[in-house]
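Notes to accompany the following structure.
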Number of protein chains: 2
Amino acid sequence: MRDERRATLTDVATRAGVSKSLVSLVMRDEPGASPETRRRVLDAAAALGYHPDSRARLLRSGRSRLLGVVFGIQHPFHADLVTGLYSAARETGYELALSAVTPERDESEAIRGLLQDRCEALILLGPESRTAALTRLAERLPVVVLARSVRGPDLDVIRTADATGLALAVDHLVALGHRRIAHIDGGRAPGAADRRRGYRQAMHRHGFDAEIRIVPGGLTEEDGARAAEALLGDLPTAVTVFNDRCATGVLDVFNRNGIQVPGTVSVVGYDDSSLARLAHINLTTIAQDVPAMTRQALARAIARLEDTPITARESIVPPHLVIRGTSAPPS
Amino acid sequence: MRDERRATLTDVATRAGVSKSLVSLVMRDEPGASPETRRRVLDAAAALGYHPDSRARLLRSGRSRLLGVVFGIQHPFHADLVTGLYSAARETGYELALSAVTPERDESEAIRGLLQDRCEALILLGPESRTAALTRLAERLPVVVLARSVRGPDLDVIRTADATGLALAVDHLVALGHRRIAHIDGGRAPGAADRRRGYRQAMHRHGFDAEIRIVPGGLTEEDGARAAEALLGDLPTAVTVFNDRCATGVLDVFNRNGIQVPGTVSVVGYDDSSLARLAHINLTTIAQDVPAMTRQALARAIARLEDTPITARESIVPPHLVIRGTSAPPS
DNA sequence: CGCAAATACTGGAACGTTCCAGACTCCATC
DNA sequence: GATGGAGTCTGGAACGTTCCAGTATTTGCG
């Protein structure tokens with residue numbers, strides 16, 4: 001039967017012939033037990049298949065050592081971030097609790113779930129909640145916002161220098177000889193405003209104000225496809241796109257309409273998500289530094305919990321350009 | 001400060017002038033309190049911003065009411081399944097705990113995490129562990145395997161009739177007039193063997209044994225692209241593909257090479273993931289019945305926990321054909 | 001009117017840990 | 001030979017709940 005009561009500290013203690021306090025020490029690897037008894041205790045624990053009960057442990061110690069992560073399950077870039085967060089959490093002594101935003105489960109519900117689990121801090125990936133709601137949340141527990149730009153008194157923000165990212169893209173294209181460069185934007189998605197601004201400033205810097213052309217897009221393949229169709233009548237020689245997902249939609253429509261990429265039009269994406277790296281897509285893109293961002297997000301959350309003094313609330317990670325096969329000189 | 005001790009049952013009790021037992025009753029919506037006091041207690045709780053501490057609650061009641069879900073974070077179809085699971089869990093009184101498999105965090109690690117959280121049962125999405133490992137796991141707690149075919153004494157399996165699915169695809173294409181139909185398979189991915197078999201049997205049933213052609217593929221866009229390139233030299237008039245993700249890779253390569261879909265080649269995918277539904281992809285595909293599968297998976301897990309007698313261990317959900325824009329009569 | 005049954009409520013033990021104060025042994029030091 | 005400080009180890013309280021066995025109080029019915 002699987003119902004036989006699972007072993008507890010007391011069981012291990014009686015089997016090893018010591019007190020439960022001692023077993024507790026040994027299990028936590030604290031000093032205060034002789035090597036010999038330590039040995040005996042560990043043997044007993046192994047024999048009984050003992051695993052500490054995290055609930056009881058956390059109840060008593062008053063901490064959960066749990067960091068809540070809210071992410072969009074449909075979002076490939078969030079997948080990359082979650083991957084990074086797991087790796088970054090590995091040696092910290094904290095665990096991650098995931099809570100997904102789905103089409104039928106909104107952000108506030110995802111957050112509520114994590115609060116009930118007694119997470120000590122929250123890491124939100126590109127949250128869509130209003131600033132006011134985030135600020136209120138941050139009064140309860142440390143909140144780190146990843147990949148979105150927000151200003152709030154208690155909010156920590158880790159994000160990419162999105163304006164710089166778009167400048168990199170434009171500079172790259174200009175260096176190749178382009179000047180008719182359009183931008184397919186992300187609407188009200190997190191980061192979209194900055195990227196739009198970066199595009200506009202870079203074009204201005206190169207003296208191409210007259211060529212500035214912003215096409216409404218969005219963050220899905222579908223939005224990209226729609227935007228690309230809108231471009232068909234009057235093609236630029238290059239396009240910078242809000243993100244990789246949207247860019248694949250653009251590529252797809254171009255392919256279908258016999259438009260050569262990068263021959264006729266160059267395309268630059270954003271995120272360097274696993275999508276862009278696929279050999280047949282092979283998308284030139286702006287890479288967000290996922291390892292750095294996730295490492296910082298975690299470090300920040302932990303620092304807040306342990307009252308390590310931090311000066312800056314906002315940390316801006318530089319992006320870099322990844323040149324692949326969708327950008328070339330104009331023909 | 002956010003450190004002010006959070007309110008407990010006792011706090012609410014003293015404020016409402018009752019015992020903590022009574023407050024406990026009220027919070028759990030159990031009978032045994034007069035409407036009037038119930039009111040008073042709820043008011044007091046609200047005033048103190050009281051939220052029950054799940055750890056203590058679970059410690060005492062000996063249950064966690066937590067169902068662990070292991071999923072692949074890079075996998076779009078898993079995203080659909082997780083979405084379904086959340087919806088299905090809504091009214092059950094159980095909560096989901098997600099644990100992701102990432103390129104750097106393997107399945108056994110994901111499972112270990114959930115066990116520590118005291119999940120009562122596990123739902124594994126297309127698990128890659130060996131049957132032996134799954135069987136061993138199922139000795140400890142109820143395990144429901146979703147979207148993979150396994151045989152094990154204590155394992156519950158909910159899966160799509162994958163062979164039937166491929167038969168539907170082939171029948172559809174044959175009805176359109178195709179006979180040179182190839183299959184791009186999924187290698188050793190969960191479900192691949194059944195789909196391959198379904199393809200072969202359907203072709204045989206139509207008397208097209210001579211046309212059977214199985215091309216090695218895989219489950220990513222990249223695998224599909226590679227397989228499509230292998231087909232270029234000797235095109236069939238139609239292709240059935242292991243899954244939608246792989247199919248988009250196929251479509252992409254066809255597009256790039258000026259091959260009309262569905263004019264020259266028809267393409268049928270598998271999963272009806274959100275990918276297939278995108279307007280510009282518009283992929284004819286075999287839909288797995290995600291709502292039914294997730295509902296059943298949840299029901300099964302809960303039934304095991306509550307000792308509801310169940311006869312069948314394996315439940316096979318019928319798939320159905322979704323006709324979109326990538327299939328048409330051969331030209 | 002009296003007695004059982006229902007309703008409303010209380011007190012305290014338990015869940016499996018961690019934490020604290022103390023107890024015992026052993027050995028070096030004065 | 002007492003003193004004291006490591007080094008080990010123990011017992012019991014506490015964490016915030018739920019559960020159980022009760023105690024009042026009210027109600028229903030012959």
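As the structure is a computational prediction, the values presented were derived from the model and not from experiment. Here is how names work: the chains are called A, B, and so on, in the same order as the sequence lines, proteins then strands, and each is numbered from 1. Only this structure's heavy atoms are used, side chains among them; waters, hydrogens and symmetry mates stay out.
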Interatomic distance where [atom1] belongs to [X] and [atom2] belongs to [N] [whole Å]:
X        : N      : atom1 : atom2 : value
B/Met27  : D/dT18 : CE    : P     : 9 Å
A/Arg118 : D/dG16 : CZ    : C1'   : 9 Å
B/Leu58  : C/dG16 : CG    : C1'   : 13 Å
B/Arg57  : D/dT18 : CZ    : C1'   : 9 Å
B/Arg40  : C/dC9  : CZ    : C1'   : 11 Å
A/Glu30  : D/dT8  : CD    : P     : 14 Å
B/Arg38  : C/dT7  : CZ    : P     : 13 Å
A/Arg65  : C/dT18 : CZ    : P     : 12 Å

Answer yes or no: side-chain N or O of [X] and base N or O of [N] forming a donor-acceptor pair under 3.5 Å.
X       : N      : answer
A/Thr10 : C/dG16 : no
A/Ser21 : D/dG12 : yes
B/Lys20 : C/dT10 : no

Across the strands shown, which category fits [X] at heavy-atom distances under 4.0 angstrom: base, sugar-phosphate, nothing?
X       : value
B/Thr37 : sugar-phosphate
A/Ser34 : sugar-phosphate
A/Arg28 : sugar-phosphate

Can you tell me if [X] touches the phosphate of [N], counting only side-chain N or O atoms and a distance under 4.0 Å to OP1 or OP2?
X       : N      : result
B/Ser61 : D/dT18 : no
A/Arg60 : C/dC19 : no
B/Ser19 : C/dT10 : yes

Among [options], which is the nearest nucleotide to the side chain of [X]?
X       : options                : answer
A/Pro35 : C/dT18, D/dT8, C/dT17  : D/dT8
B/Leu22 : D/dT17, C/dT10, C/dT18 : C/dT10
B/Ser24 : C/dT18, D/dT17, D/dT18 : D/dT18

B/Ile111 side, atom CD1; B/Leu134 side, atom CG - distance, nearest 0.5 Å: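 One gets 7.0 Å once the value is rounded to the nearest 0.5 Å.
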
Contact summary for A/Arg28 and A/Arg57, nearest pair of heavy atoms: CG-NH2, 4.4 Å

Which atoms form the tightest heavy-atom contact between B/Ala121 and B/Leu305, and what is the distance? CB-CD1, 4.1 Å

Can you find a pair of side-chain heavy atoms, one from A/Leu141 and one from A/Leu115, that are under 4.5 Å apart? yes

Run the side chain to side chain donor-acceptor pair (under 3.5 Å) test against B/Ser34 and tell me which residues pass, sequence neighbours left out. B/Thr37

